[in-house]
Amino acid sequence: MGLDLRSVAVVCAFLTLLLAVLMHFASARYPAKWRPALLLWSRALFVLPLGWTLLSLREQLPLSLGVALPSLLLYYGFGLLAVALARFMGVRGMHWQVWTVVALTALSTLFFTFVHESHLGRVLSSSPLLALLFFLTARPLLDAFRAGGAVSQRITATVFLTGVALMLARTVVESIPDWRAQGLYDLHSMQPLVLFYLPVAPLIATFGFLLMSADRLHAELEQLATLDPLTGAWNRRAMLEQCARALGLDRRHRRPSALLLLDADHFKRVNDTYGHEAGDAVLRELVRRMREVLRHEDLVGRLGGEEFVALLPGTPEQGAAEVAERLREAVARENFFCRGEEIPLTVSIGVAEREVGEADIAALVQRADRAMYAAKRAGRDRVVTASSLRAAATLA
């Protein structure tokens, strides 16, 4: 029994329409920043079934409804998938490329339908343009084929790269008279592969796209569980876990490590004078300045309120004190800004080094905390080390 391509198209059209309805309602449960991409994708899934339904009825319809309109709907639907994927991946400026290719494909189809009617002309002009459209769709996902790339992105990219290969092969085959299809449903040519791929591809791509959405949602939930939502620094729990691991490594390799405990001076005054929105902006900028001074491998976390901690792996106390002084200067040197208002701020920093054989983060934080409060008592806007406190206590 031969392959009934019309039945394949109708079944895929029904399943695609069902997916469109499900995606439309499911998009409301995703974060607002992803919703436009999800809605664009679901709109494409509404458009494509209509195109396939009309195409399967082409013998019962006039040329404009049986050939031109379904072709335009299919081009538009695949264009929507490309734009949705680009928006989801955060690729800017790609939509004009996509719609340019869609417009050229549509114009060539209209020309070879109404000006110079030719099935071969439609195939030879639209196939390479569709290959380009599918490549543009897959392009934001190509990095996924490197080591460690997401499986969901690889699945989605493979769907469209398969379309690129099919459309280019179709262009070559249709250029050879002996291999050329004699009609849309000629089973002795490239047509079965192409007409099977085009309705099935959106279904598989949607599966991949939903997996991508689930991956991103999972990553965001993980981020919310480990990062401070205001500043983007590690939250208290995650920071202490990260520090415990780093201290364990430094102890195993007999390397020094030091911890900075930083507290914004008179921060309540900032909130009372300028408002909590300004206070939030100051804390975000404070973390940004910390990261400018610190190395990439240094860990930055928010313990709570206006208190932050930074672990410097492989760094002795003297080196950490120098870093802390640069950090203090970076904060005090330039006022903070919010809504055009200048907000002065200073910080007090306590520095403590891991003791030999120590891997207890709580003890290290405690020593840095005592040094930080000593900096507060000494007048704020300064750096105090735990070793200097011990030396002072010995002399006393």
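Below, each value reflects all heavy atoms present in this structure, side chains not excepted, and no hydrogens, waters or symmetry copies.
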Could you tell me whether the side chain of [Y] reaches within less than 4.5 Å of the side chain of [X], counting heavy atoms only?
| X | Y | answer |
| --- | --- | --- |
| Tyr75 | Ser126 | yes |
| Leu74 | Leu198 | no |
| Arg382 | Ile349 | no |
| Glu353 | Ser257 | no |
| Val10 | Trp52 | no |
| Leu294 | Val300 | yes |
| Thr16 | Phe46 | no |
| Phe78 | Pro202 | yes |

Open item on the list: More than 12 heavy atoms of other residues, nucleotides or ligands under 6.0 Å from NE2 of His218: yes or no?
Closed with: no
Open item on the list: Tell me if the OH atom of Tyr197 is crowded by more than 12 foreign heavy atoms within 6.0 Å.
Closed with: yes
Shared ILVMFWY cluster between [X] and [Y], side chains joined below 4.5 angstrom?
| X | Y | answer |
| --- | --- | --- |
| Phe88 | Leu39 | no |
| Phe14 | Met23 | yes |
| Val151 | Leu211 | yes |
| Leu18 | Val200 | no |
| Val164 | Val173 | yes |

Between [atom1] of [X] and [atom2] of [Y], what distance do you get to the nearest 0.5 Å?
| X | Y | atom1 | atom2 | result |
| --- | --- | --- | --- | --- |
| Leu19 | Leu210 | CG | CG | 7.0 Å |
| Asp360 | Glu355 | CG | CD | 10.0 Å |
| Arg154 | Asp143 | CZ | CG | 11.5 Å |
| Leu161 | Leu141 | CG | CG | 8.5 Å |
| Leu312 | Asp298 | CG | CG | 4.0 Å |
| Phe308 | Leu260 | CZ | CG | 13.5 Å |

Under 3.5 Å, is there a donor-acceptor pair linking the side chains of [X] and [Y]?
| X | Y | result |
| --- | --- | --- |
| Arg139 | Gln97 | yes |
| Arg122 | Ser127 | no |
| Ser348 | Asp263 | no |

Might you point out which heavy atoms bring [X] and [Y] nearest each other, and give the distance in Å?
| X | Y | result |
| --- | --- | --- |
| Val351 | Glu317 | O-OE2, 3.8 Å |
| Phe196 | Pro199 | O-CD, 3.3 Å |
| Arg367 | Ala352 | CB-CB, 3.9 Å |
| Thr226 | Ala238 | O-CB, 3.3 Å |
| Trp34 | Ser213 | CZ3-O, 4.1 Å |
| Leu133 | Gly79 | CD2-N, 4.2 Å |

Task: Cationic tip of Arg289 above Phe336 ring, under 6.0 Å, 45° of axis - done: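 Yes, a cation-pi geometry holds between Arg289 and Phe336.
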- [ ] Check whether any side-chain N or O of Arg302 sits under 3.5 Å from a backbone N or O of Gly305 as a donor-acceptor pair, and report yes or no.
- [x] yes
Output yes when [X] and [Y] qualify as a salt bridge under the 4.0 Å nitrogen-oxygen rule, no when they do not.
| X | Y | value |
| --- | --- | --- |
| Asp265 | Lys376 | yes |
| Arg354 | Asp250 | no |
| Asp280 | Arg284 | no |
| Arg328 | Glu325 | yes |

Open item on the list: Can you tell me which residue among Arg295, Glu297, Glu322 is in a side chain to side chain donor-acceptor pair (under 3.5 Å) with Thr315?
Closed with: Arg295
Open item on the list: Applying side-chain contact (heavy atoms from CB on, under 4.5 Å) to His24 and Arg43, what does each step give before you reach the verdict?
Closed with: CA-CA 8 Å; His24 180 78; Arg43 189 189 305 171; over 6 Å; no
Open item on the list: side chain to side chain donor-acceptor pair (under 3.5 Å) for Thr206 and Trp41? Distances and angles first, verdict last.
Closed with: CA-CA 8 Å; Thr206 299; Trp41 193 283; 2.9 Å; yes
TODO: Check the pair Leu107, Phe111 against side-chain contact (heavy atoms from CB on, under 4.5 Å), reporting the backbone distance first and the verdict last.
DONE: CA-CA 6 Å; Leu107 287 173; Phe111 178 82; over 6 Å; no
TODO: Before giving the answer on side-chain contact (heavy atoms from CB on, under 4.5 Å), spell out for Glu277 and Arg339 the whole-Å C-alpha distance, their side-chain angles and the decisive distance to 0.1 Å.
DONE: CA-CA 10 Å; Glu277 183 182 348; Arg339 292 184 172 180; 2.8 Å; yes
Task: Fellow cluster residues of Ile361, listed by chain then number, with links counted only when side-chain atoms sit under 4.5 Å apart - done: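 Its cluster mates, by chain and number, are Leu227, Trp234, Met239, Leu240, Leu247, Leu259, Leu261, Leu299, Leu303, Val309, Leu311, Leu364, Val365, Met372, Tyr373.
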Task: Distance flag, aromatic centroids of Trp99 and Tyr76, threshold under 6.0 Å - done: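 Distance test on ring centres: under 6.0 Å, yes.
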Open item on the list: Applying side-chain contact (heavy atoms from CB on, under 4.5 Å) to Leu286 and Val331, what does each step give before you reach the verdict?
Closed with: CA-CA 7 Å; Leu286 177 58; Val331 174; 3.6 Å; yes
Task: Lys33 vs Glu220, salt bridge (Lys or Arg N to Asp or Glu O under 4.0 Å): CA-CA, chis, key distance, verdict - done: CA-CA 12 Å; Lys33 59 186 175 183; Glu220 182 137 315; 3.1 Å; yes
